[in-house]
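Take a look at the structure set out below.
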Amino acid sequence: MIEARHLRVLRAVATTGSFSAAARELGCTQPAVSQQMKALEAAAGTPLLVRAGREMRLTEAGEALVRHAMGILAGLAAAEEEVAALAGLRAGRVRLVSFPSGSSTLVPTAVAAMRADHPGTRVSLVEAEPPRSVEMLRAGDCEIALAFRYDDAPWGDLPAGGGRDDLVVRPLLIDRLVGLVPEGHPFADAEEVGIGTLAEEPWIAGCPRCRGHLVQVCETAGFTPRIDFATDDYPAVVGLVGAGLGVAVLPELAVESVRPRGTRAVRVTPAVRREVVALTLPDLARVPAVAQMLDHLAAAARR
């Protein structure tokens, strides 16, 4: 009989590539991982892993079982949370995954409201950018993923303007991107700046996804930005702009989450926006704790 604990071990080995790394991730010993994998292969009646140098690789049967394991473990997590919710939300958990500017703006208000309403429900948070956050949701590593999508791009593998049958999409807000220039810059007091007028400026870019989108927007405006600095850290972007080392385009949520000392925010044209959403799975959406957390995130977005 295939057991859920064996599937969790298989998924960890597939993700990390070795028994020792899987043991560290699961908080157990390497022999324990090896024993559980032997039990799983015995139950399956076929090899699931082959050793390739220092790494373990999945056989075709192993790949098939890992694909099914993701849905099985997500379904088990949904069942566990729903059973806990039947006790009136006196127990249970909601695991959030969010991108950094969402973590510092939407999440604190929503989690504080959730804790006030249901103090017995544990809420945890880790940070990941989409599409990684979407992958974590599908793998059963969280119940809710906050993600964003630019006007002309998908989040994860979701098509623009819609969702996939295996995901529930809860729209939260439209986040407009604003230009950030140093104080004393010729455009510091402007209400609006065409992005093409910044073609000769040095640029400070953000996360890889945002960086790629910046290049795309600038090329549409007829130029390729000269990116002198790139960092995933929004306060670092603000600090570099404030020191006069370049200009940047940041989401309003990101500007709201830091103190933009030495900088001025200006509206850029054409308008660039990103849609911020909360994602969950259909089974999880019916769990009261998850539904409540989605409601609190939506309420936080309206403030």
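Here the side chain of Thr59 pairs a donor or acceptor atom with the backbone of Pro47 at under 3.5 angstrom. Counting only distance, with no hydrogens or angles, the side chain of Gln30 and the backbone of Phe19 share no donor-acceptor pair below 3.5 Å.
When the ring pair (Phe, Tyr, Trp, His ring centres under 6.0 Å) test is applied to Phe187, the partners found at least two apart in sequence or on another chain are His185. For Val217, the side-chain contact (heavy atoms from CB on, under 4.5 Å) criterion is met by Ile195, His213, Val272, not counting sequence neighbours.
The existence of a salt bridge linking Arg267 and Glu192 is confirmed by a sub-4.0 Å separation between a basic side-chain nitrogen and an acidic carboxylate oxygen. A salt bridge links Arg132 with Glu135; the closest basic N to acidic carboxylate O contact falls under 4.0 Å.
In this structure, Met136 shares a hydrophobic cluster with Val97, Val126, the cluster being traced through Ile, Leu, Val, Met, Phe, Trp and Tyr side chains under 4.5 angstrom apart.
For the 3.5 Å distance criterion, the side chains of Ser103 and Glu127 qualify, holding a donor opposite an acceptor.
Checked options Arg274, Arg149, Arg273; the residue passing with Asp175 is Arg274 (criterion: salt bridge (charged side-chain N to carboxylate O under 4.0 Å, His left out)). Exactly one residue among Arg95, Arg122, Arg138, Arg286 makes a salt bridge (charged side-chain N to carboxylate O under 4.0 Å, His left out) with Glu143. That residue is Arg95.
Following chains of ILVMFWY side-chain contacts shorter than 4.5 Å, one can reach Leu172 starting from Val290, so the two form part of one hydrophobic cluster.
In terms of heavy-atom proximity, Arg11 sits nearest to Leu73 at NH1-CD1, 3.7 Å.
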